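The structure that follows is given in the form of structure tokens.
Model, not experiment: these values are computed from the prediction.
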Amino acid sequence: MDPQPPHVLIFPLPLQGPINSTLKLAELLCLSGGLHVTFLVTDYIRRRLLRHTNIQTHFSRYPGFDLASIPDGLPEDHPRLGDQLTEMFDALEAVTKPLFREMLVSGTRRPPVTCVIADGILGFTIDVAKEIGMPVICLRTISPCFLWIIFCLPKLIEAGEIPFKDKDLDAPIRSVPGMEDFLRQRDLPSFCRSSELTGPIFKRYLTESIQVPRADGVILNSFEDLEGPLLSHIHTQCPNLYTIGPLHAHLKSRLSIEKSLSSFRSTSFREEDRSCLSWLDQQPSKSVIYVSFGSLATMTWDQFTEFWHGLMNSGKQFLWVIRPDSIAGKDGESHIFTKLREDSTGRGYIVGWAPQEEVLSHESVAAFFTHSGWNSTLESICEGVPMICWPYFVDQQVNGRFVGEVWKLGLDMKDTCDRFIIEKMVRDLMEDRRDEFLRSADHMANLARQSVGEGGVSRRNLDRLIEDVRSMSLRTSYSQSPD
Ligand SMILES: O=c1ccn([C@@H]2O[C@H](COP(=O)(O)OP(=O)(O)O[C@H]3O[C@H](CO)[C@@H](O)[C@H](O)[C@H]3O)[C@@H](O)[C@H]2O)c(=O)[nH]1
Ligand SMILES: C[C@H]1CC[C@@H]2C(C(=O)O)=CO[C@@H](O)[C@@H]21
């Protein structure tokens, strides 16, 4: 049989965070030339991408690119948010898995798919690929430090370190190699706490610790200078690692070489309020703290008021992203935020969704109050913006610990929400300890830039990934029924 032209089908977890970074990978593969790339999203996500982004116009420049979609088995009005996410995973398993298999074996994709790159939390994609003899590479859009904790879950259980028995959240955790000196109970994901150890999200991650090492390779959205010795630990589980991040910076670096290609306007499937950029233009240099907790995190009204008073009492200018669905019990009550904008006497500016990468690169932004989602963390690192971390769930707890304790790029405020602590941390980061954090933030930003630049390690790892995808495609021997 003649060798197939390499055709990669990329299947991200259908949520804003994972899609942001995976779309960057898709474009990097398109830029490499000679690869067909199918980006597979759910029908729900496709409609939102088409409504809120210029994805079709943008990718029309790549003849080998195709945006495909597949049902996720949920009703259109399902929130696909918060604690209903387990319903999303169940529906993907029950409804999407057989359709995904059919898509691969039916031969309807032209040219036939020769390699799958899928989010490692979607374990069924590995099962299907292995069943039909298709090469499969896992992409993990969460932090490598969290991925390593996932791989250590069996060890943590065996050592009796999870679930926590005495709930002393400052008690050290000793069963994660490479983190013995600084990991505490409170830095583990919330699903490790006894009430959730039998929950669906814990079981999903426990499965992941077995599934991901079955893949032919694992792609990490990070860079070797940031992760250091941790990668050698992950390597014991996944010998074929491609550390090619930060993906957003990597794509920006490649596009700057192409010159003729403008970068993607936005991958957000929420309407961005770009008026915040005009507000930032009116602020003095390095005078603003940007506050944003990602696409999934929510807070109570009490927590919101603590943040409001803490920010107002800090005396600093603040730009705050408050998604309409992010405050419990206040869903869609946007009039509250209009009034808050008036009450903040010009000190604060509130939007429902911001062009975050542009905000973080703006001259007036000095600090980032973040939930420590991995995309936000990398974006802040690349812009040299110090962080205050207020993690919500999954990888964010350990990300916040690495930012505060290991990389020294900011302060970790986890497990508290008090207006006086918020005020003090904002002042520390923007005044009293500003120079200390700026030095380490500038240094890490330079290392990030070098890793994705000409000759950089992430650049070389991407070249290896592309070569491996080509050679895997030559070996793809699974049988496909004719049209
Ligand atoms: O107003 C906003 C707020 C965010 N963003 C962007 O949205 C993305 C948010 O991603 P992330 O910071 O990773 O947070 P989440 O949306 O919460 O991402 C989920 O997915 C990530 C990657 O898998 C995980 O690391 C997180 O913990 C998980 O919550 C980033 O690219 C931001 O630039 C905007 O464009 N505008
Ligand atoms: C809500 C989270 C469950 C799994 C996803 C995830 C991951 O481990 O890939 C991290 O955060 C969110 O994107 C999802």
**Request:** Output the distance between atom CG (D72) and atom CE (M88), rounded to the nearest 0.5 Å.
**Result:**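 Result: 8.0 Å between the selected atoms.
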Is there a salt bridge (Lys or Arg N to Asp or Glu O under 4.0 Å) between R274 and E358? Walk through the geometry before answering.
CA-CA 10 Å; R274 298 184 64 82; E358 293 176 74; 2.8 Å; yes
Problem - Spatial distance of atom OG (S295) from atom CG (D325) [nearest 0.5 Å] - result: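 S295 OG to D325 CG: 9.0 Å, rounded to 0.5 Å.
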S209 and I150: which non-hydrogen atoms are nearest, and at how many Å?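 Residues S209 and I150, closest heavy atoms: CB-O, 3.4 Å.
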- Item | F146 and Y205 aromatic centres sub-6.0 Å |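 Under 6.0 Å, so yes.
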Any side-chain heavy atom of L74 within less than 4.5 Å of one from Q84?
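They are not in contact (no side-chain heavy atoms under 4.5 Å apart), so the answer is no.
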Are H248 and E357 linked by a side-chain donor-acceptor pair shorter than 3.5 Å?
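Absent: no donor and acceptor within the cut-off.
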In a check of side-chain hydrogen bond (donor to acceptor under 3.5 Å, both in side chains) between S175 and each of K155, E180, E161, which one passes?
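When side-chain hydrogen bond (donor to acceptor under 3.5 Å, both in side chains) is applied between S175 and each of K155, E180, E161, only E161 qualifies.
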With heavy-atom distances below 4.5 Å as the criterion, would you say the side chains of P189 and F202 are in contact?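 No - every pair of side-chain heavy atoms lies 4.5 Å or more apart.
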(message) Please find the pair of heavy atoms, one from P355 and one from L277, that lie closest to each other, and give the distance.
(response)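 Between these two residues, the closest heavy atoms are CG-CD1, 3.9 Å.
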Open item on the list: Keeping Q56 on the side-chain end and L50 on the backbone end, is there a donor-acceptor pair under 3.5 Å?
Closed with: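 Here the side-chain-to-backbone pair does not exist.
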Check whether the side chains of D281 and H362 place a donor and an acceptor atom closer than 3.5 Å, and report yes or no.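 There is such a pair between these side chains.
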K316 and E431 ion-paired at < 4.0 Å: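 Answer for the salt bridge query: yes.
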| task | Quick one: pull up OH in Y242 and CG in L220 and give me the separation to the nearest 0.5 Å. | result |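 Reported value, rounded in 0.5 Å steps: 11.5 Å.
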Would you call the rings of F65 and F59 parallel, tilted or perpendicular if under 30° counts as parallel and over 60° as perpendicular?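 Taking F59 first and then F65, their aromatic rings lie parallel (interplane angle under 30°).
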Extract all donor-acceptor atom pairs below 3.5 Å that involve side chains of residues 379-390 and protein atoms in other chains or at least two apart in sequence.
unit_1	atom_1	unit_2	atom_2	d
E379	OE1	Q356	NE2	2.9
S380	OG	V385	O	2.7
W390	NE1	T416	O	2.7

Let's go through V291 and I322 carefully: what are the C-alpha distance in whole Å and the side-chain angles of both, what is the deciding distance for side-chain contact (heavy atoms from CB on, under 4.5 Å) to 0.1 Å, and is it a yes or a no? CA-CA 9 Å; V291 186; I322 305 178; over 6 Å; no
message = Could you tell me if the side chain of W374 sits less than 4.5 Å from the side chain of S222, heavy atoms only?
response =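 In short, these two side chains touch, coming nearer than 4.5 Å.
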Next item on the list: Could you pull out the closest heavy-atom pair between I421 and M413, with the gap in Å?
Entry: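 So the minimum-distance heavy-atom pair works out to CG2-CG, 4.1 Å.
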Under 3.5 Å donor-acceptor, Q211 side chain and G123 backbone
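Yes; judged by distance alone, with no hydrogens or angles, the pair exists.
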Of all residues at least two apart in sequence or in a different chain, which pass the ring-ring contact (aromatic ring centres under 6.0 Å, His included) check with F368?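 If we apply the ring-ring contact (aromatic ring centres under 6.0 Å, His included) test to F368, skipping adjacent residues, the hits are Y290.
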- Do the side chain of R323 and the main chain of A297 share a donor and acceptor less than 3.5 angstrom apart?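 A pair under 3.5 Å: yes.
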- For F369 and L429, what are the C-alpha separation, side-chain angles and deciding distance, and is it a side-chain contact (heavy atoms from CB on, under 4.5 Å)? CA-CA 10 Å; F369 220 128; L429 201 69; over 6 Å; no
Is any side-chain heavy atom of V406 closer than 4.5 Å to one of R401?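 Side chain of R401 against side chain of V406, heavy atoms only: no contact under 4.5 Å found.
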Stepwise side-chain contact (heavy atoms from CB on, under 4.5 Å) check, Q397 with K414: CA-CA 7 Å; Q397 274 74 14; K414 68 164 58 91; 4.1 Å; yes
- Query: Do other residues, nucleotides or ligands put more than 12 heavy atoms under 6.0 Å from the NE2 atom of H309?
  - Reply: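 For H309, atom NE2 is crowded (more than 12 foreign heavy atoms under 6.0 Å).
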- Classify the side-chain pair S190/Y392 by whether it contains a donor and acceptor separated by less than 3.5 Å.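 The criterion, which ignores hydrogens and geometry beyond distance, is not satisfied for Y392 and S190.
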**Message:** Between S376 (side chain only) and G373 (backbone N and O only), is there a donor and an acceptor less than 3.5 Å apart?
**Reply:**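 Not a single qualifying donor-acceptor pair exists.
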Supply the atom-to-atom distance R254 CZ to E454 CD, rounded to the nearest 0.5 angstrom.
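That separation rounds to 8.5 Å.
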Q) Are H58 and E27 close enough, and set up right, to give a side chain to side chain donor-acceptor pair (under 3.5 Å), and what steps lead you there? A) CA-CA 10 Å; H58 182 84; E27 186 160 5; 2.7 Å; yes
Between R184 and D187 (salt bridge meaning N to carboxylate O under 4.0 Å), is one present in this structure?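 Looking at R184 and D187, the cut-off is met.
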Taking the side chain as everything from C-beta on, heavy atoms only, tell me whether S372 gets closer than 4.5 Å to T377.
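S372 vs T377: side chains touch.
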Salt bridge between D432 and K424, side-chain N to carboxylate O under 4.0 Å?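 Looking at D432 and K424, the cut-off is not met.
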Minimum side-chain heavy-atom gap S451-E224 below 4.5 Å: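 Side chain of S451 against side chain of E224, heavy atoms only: no contact under 4.5 Å found.
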Next item on the list: Check whether any side-chain heavy atom of V403 lies under 4.5 Å from a side-chain heavy atom of D412, and answer yes or no.
Entry: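 They are not in side-chain contact.
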- Evaluate the criterion side-chain contact (heavy atoms from CB on, under 4.5 Å) for residue pair I244 and L25; output intermediate values, then yes/no. CA-CA 9 Å; I244 62 173; L25 171 65; 3.7 Å; yes
Donor on one side chain, acceptor on other, N446 and Q450, under 3.5 Å: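 N446 vs Q450: no donor-acceptor pair found between side chains.
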Ring centers of F182, F402 separated by less than 6.0 Å: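 Yes, they do, as the ring centres are separated by less than 6.0 Å.
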Review point. Nearest 0.5 Å, what's the SG-CZ distance between C417 and F307?
Key: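 Between atom SG of C417 and atom CZ of F307 there are 5.0 Å.
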- Task: Go through R459 and S253 one step at a time and tell me if the side chain to side chain donor-acceptor pair (under 3.5 Å) criterion holds.
- Result: CA-CA 10 Å; R459 181 71 68 87; S253 168; 2.9 Å; yes
Quiz item: Do you see a donor-acceptor pair shorter than 3.5 Å between the side chains of T141 and N221?
Solution: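 The criterion, which ignores hydrogens and geometry beyond distance, is not satisfied for N221 and T141.
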Only one of F304, Y349, W279 passes ring pair (Phe, Tyr, Trp, His ring centres under 6.0 Å) with W320; say which it is.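 Only one option passes, and that is F304.
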Close side-chain approach of M444 and F223, heavy atoms under 4.5 Å: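 Yes. Closest side-chain heavy atoms under 4.5 Å.
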- What are the two closest non-hydrogen atoms of C152 and V176, and how far apart are they?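 Here C152 and V176 meet closest at SG-CG1, 4.1 Å.
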*Between N399 and S143, is a side chain to side chain donor-acceptor pair (under 3.5 Å) present by the stated rule, with each step listed?*
CA-CA 7 Å; N399 296 349; S143 54; 2.5 Å; yes
Least distance between heavy atoms, I121 atom then E208 atom =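 In terms of heavy atoms, the two residues are closest at CD1-OE1, 3.5 Å.
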- Message: For F293 and H371, take the angle between the two ring planes, folded into 0 to 90°, and tell me which bin it lands in: parallel under 30, tilted 30 to 60, perpendicular over 60.
- Response: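 Ring orientation of F293 relative to H371: perpendicular.
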Q) Going from CG on L147 to CD1 on I142, what distance comes out if it is rounded to the nearest 0.5 angstrom? A)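 It is 5.0 Å, given to the nearest 0.5 Å.
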Inset, instruction - Describe, in one word, how the ring planes of F318 and W308 are oriented to each other, choosing from parallel (under 30°), tilted (30 to 60°) and perpendicular (over 60°). - result: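 Taking W308 first and then F318, their aromatic rings stand perpendicular (interplane angle over 60°).
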Discussion item. Looking only at side-chain N and O atoms, does D273 offer a donor or acceptor that is under 3.5 Å from a partner on S275?
Written reply: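 Short answer, yes.
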Any ion pair linking R427 and E423 (charged N to carboxylate O, less than 4.0 Å)?
->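 A salt bridge is present here (some side-chain N lies under 4.0 Å from a carboxylate O).
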Margin query: Please find the pair of heavy atoms, one from A26 and one from F39, that lie closest to each other, and give the distance.
Written below: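 The answer is CB-CD1, 3.8 Å.
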